[in-house]
Amino acid sequence: EELVGAMAKGLGVLAPTRRWNLGFVMCLARSLQWLPLWPLTVARVRALSGRARYSSHRIENDLGWRVSLSIDLGMQEL
């Protein structure tokens with residue numbers, strides 16, 4: 001949600017506030033994902049509905065990479 005909020009702010013639009021029931025959306029995706037132009041697939045629903053957080057410690061330690069901008073500043077620069 002933080003990333004979506006920062007992206008919306010950077011684009012100058014309001015962050016989405018509507019929440020849909022996950023079961024309904026998964027059923028919709030399963031039913032219609034075979035349509036050629038239908039963008040909603042089960043894999044995309046899973047990716048968008050997961051609440052995973054990833055640590056940057058390994059890339060920092062192994063490669064010496066450091067965060068130079070916050071998400072908010074990075075989106076504003078786009």
Side-chain angles (χ1 to χ4, degrees):
E1 289 186 32
E2 180 184 342
L3 177 61
V4 172
M7 290 173 67
K9 185 177 177 183
L11 294 170
V13 298
L14 294 175
T17 57
R18 179 175 291 175
R19 300 282 188 260
W20 293 52
N21 179 284
L22 183 58
F24 170 74
V25 174
M26 287 296 280
C27 183
L28 187 67
R30 274 190 206 102
S31 300
L32 300 175
Q33 69 181 353
W34 59 271
L35 293 173
L37 298 177
W38 183 253
L40 196 60
T41 64
V42 171
R44 287 180 179 167
V45 171
R46 285 186 182 136
L48 292 169
S49 63
R51 298 205 177 243
R53 291 188 156 275
Y54 299 97
S55 171
S56 61
H57 292 303
R58 185 171 178 196
I59 193 170
E60 290 171 355
N61 292 335
D62 292 355
L63 302 177
W65 178 84
R66 298 281 182 258
V67 174
S68 60
L69 292 175
S70 68
I71 293 172
D72 288 333
L73 289 175
M75 288 307 301
Q76 287 174 10
E77 286 192 6
L78 284 177

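Throughout, numbering of the chain's residues begins at 1 and tracks the sequence.
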J.: With a 4.5 Å cut-off on side-chain heavy-atom distances among I, L, V, M, F, W and Y, is there a chain of contacts connecting L63 to Y54?
T.: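 No; tracing contacts between hydrophobic side chains, which count when under 4.5 Å, never links both residues.
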J.: Answer yes or no: are there more than 12 heavy-atom neighbours, outside R66 itself, under 6.0 Å from its atom CZ?
T.: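 Correct, the count exceeds 12.
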J.: Listed by chain and number, what are the side-chain contact (heavy atoms from CB on, under 4.5 Å) partners of A8, not counting sequence neighbours?
T.: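 Partners of A8 under the side-chain contact (heavy atoms from CB on, under 4.5 Å) test: V13, A15.
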J.: Side-chain atoms of residues 24-39: list all donor-acceptor pairs with protein atoms under 3.5 Å, sequence neighbours left out, distances to 0.1 Å.
T.:
unit_1	atom_1	unit_2	atom_2	d
S31	OG	C27	O	2.8
Q33	OE1	V42	N	3.0
W34	NE1	S31	O	2.7
W38	NE1	L40	O	3.0

J.: Who pairs with S56 by side-chain contact (heavy atoms from CB on, under 4.5 Å), at least two apart in sequence or on another chain?
T.: I59, E60, W65
